[in-house]
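Working notes for the structure below.
Chain letters run A, B, ... following the sequence lines, proteins first and then strands; every chain starts at 1. Just so you know, these numbers come straight off a predicted model, no measurement behind them.
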2 protein chains.
Amino acid sequence: MRVSELVERTGIPLATIKYYLREGLLMPGTATSATQAVYGEHHVRRLALIRALTEVVGLTVQKAGEVIRLIDSPEPDLFETLGKAVAALPPYLDDLADDYPRARAALERIGQVYDPEYAAVGQFERALAAAEAVGLPMSEERLDGYASHVMGIAEIDIGGVPAESPGSAVEYAVLGTAIYEPILAAMRRLAHQDLASRRLAAGSTSEQ
Amino acid sequence: MRVSELVERTGIPLATIKYYLREGLLMPGTATSATQAVYGEHHVRRLALIRALTEVVGLTVQKAGEVIRLIDSPEPDLFETLGKAVAALPPYLDDLADDYPRARAALERIGQVYDPEYAAVGQFERALAAAEAVGLPMSEERLDGYASHVMGIAEIDIGGVPAESPGSAVEYAVLGTAIYEPILAAMRRLAHQDLASRRLAAGSTSEQ
DNA sequence: AGTATTGGATACTATGACTATCCAACCACA
DNA sequence: TGTGGTTGGATAGTCATAGTATCCAATACT
């Protein structure tokens, strides 16, 4: 298909598609002449991915590009690739320290490896510090409770990774980490709503 | 204390503090004269909250203002206030529909109320649609697994809400929903890392 | 042949989040 | 009682991000 069709199919304006091409997020189509190129389903999916990462996950176009480059390059080291992908996820750290006291204490408590090199540790520290500064420090009970449920979720995630596949495992892991995050956030918000309404109903019933 | 001290204590530049004052995120200090006002710990905490909501949770200054106004106003309807607060959280919906097929199907399956009025439903739909478009549709197994763990997390959250307090319950619920979100995201990322490293270790051991 | 469609380059715009300047009124100390 | 440093309030300027819009020359379709 030609660009015009790509515009139709995705609803993304031509000027924006050109912008993504310039920024290296969208691969160029196969040129058939100096002023013509053909695009495929691949491009449609890629544009969906770009919009998902920017609009839903909340990445900048820049960071979305980093993630896309990771899943495009066939680097097979899942562990390291996942680390790089996480570094492209918000919240972004400006200056990285070599010690994250809150994160270390929490991770030691729940029995996970503490590696200050891993971006998520810095993000964890930042999130914990923010909660503390706001007057809602992370209690040990909450930490323990969260940890067991989060581990359960992570096991579902990891269980779904295609073990016998080279680059597709990387793609699945990287995208899965990012893409399911807003789903989990929405589900938690909905669960709050659900519990609040039940509690409200129970309360008003008992008060009558 | 005076502004200069507020600047010292928080590390936030004066110009920025003035900006937050203009935007209504920070309450003015008590004026002692036409060109002097005093600030308290209240203001220090508020500035920390603003930074937490914008930098860690990822809200725009505008949306952070909405959240802050909610916890400032002593509106006691927890249920409705929570709904408004969630609407201030990303991902932001531009056009809200009256039907969200994916969200409805998912919520019916896991036995929760489906109310298209509630912002989180729209956010859920958007996140589900994005996952689908990217080629990682939400399977029913994943949905069920996520749902039980998320409900467990939400119970921890709701359990901590001070039941016998008017406005503080609202503040706790609204901030708790927003502030613990990045913590949960970071914990999931860390759990992935943890599981990936264990699986990697197990794999390399068995292969030798 | 003539009109519409591209690729590629460049320039422009809109929004958000600050940042800087000014000024007039202080206030605190010498 | 000056006099320099500190405010509050208003206004203007900056910088980055994410597009939009224009142009042009080279095709492509009819």
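Residue pairs that meet the side-chain hydrogen bond (donor to acceptor under 3.5 Å, both in side chains) test with at least one member in residues 9-20 of chain B, sequence neighbours left out, are B:Arg9-B:Glu41, B:Tyr20-B:Arg51.
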Report, as a single string ordered 5' to 3', how protein heavy atoms within less than 4.0 Å touch nucleotides 16-21 of chain D: B base, S sugar-phosphate only, - not at all.
--BBBB
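Under a cut-off of 6.0 angstrom, the local environment of CG in A:Asp98 is sparse, with at most 12 non-hydrogen atoms contributed by other residues, nucleotides or ligands. The number of heavy atoms from other shown groups lying within 6.0 Å of CZ (A:Arg2) does not exceed 12.
The pair B:Glu66-B:Lys84 does not meet the salt-bridge criterion, since no charged nitrogen lies less than 4.0 angstrom from a carboxylate oxygen.
Extent of DNA chain C lying under 4.0 Å from chain B heavy atoms, first and last nucleotide in 5' to 3' order, is C:dA17 to C:dC27.
Evaluation of the side-chain hydrogen bond (donor to acceptor under 3.5 Å, both in side chains) rule for A:Glu8 yields no partner, not counting sequence neighbours. The ring pair (Phe, Tyr, Trp, His ring centres under 6.0 Å) check on A:His192 picks up nothing, with sequence neighbours excluded.
Here the side chain of B:Gln123 pairs a donor or acceptor atom with the backbone of B:Leu89 at under 3.5 angstrom.
Taking CE from B:Met187 and CG from A:Leu128, the interatomic distance works out to 8.5 Å, rounded to the nearest 0.5 Å.
Taking the six-membered ring where the residue is Trp, B:Tyr118 and B:Phe79 present parallel rings, their angle staying beneath 30° rather than reaching 60°.
A cation-pi geometry, defined here as NZ or CZ lying under 6.0 Å from the six-membered ring centre and within 45° of its normal, does not hold between A:Arg102 and A:Phe124.
Only B:Ala34, B:Thr35, B:Gln36, B:Ala37, B:Tyr39, listed by number, bring a heavy atom of residues 29-43 of chain B to less than 4.0 angstrom from any atom of DNA chain D.
Residue B:Leu14 contributes atom CG, which lies 17 Å from atom P of D:dG5 at whole-angstrom precision.
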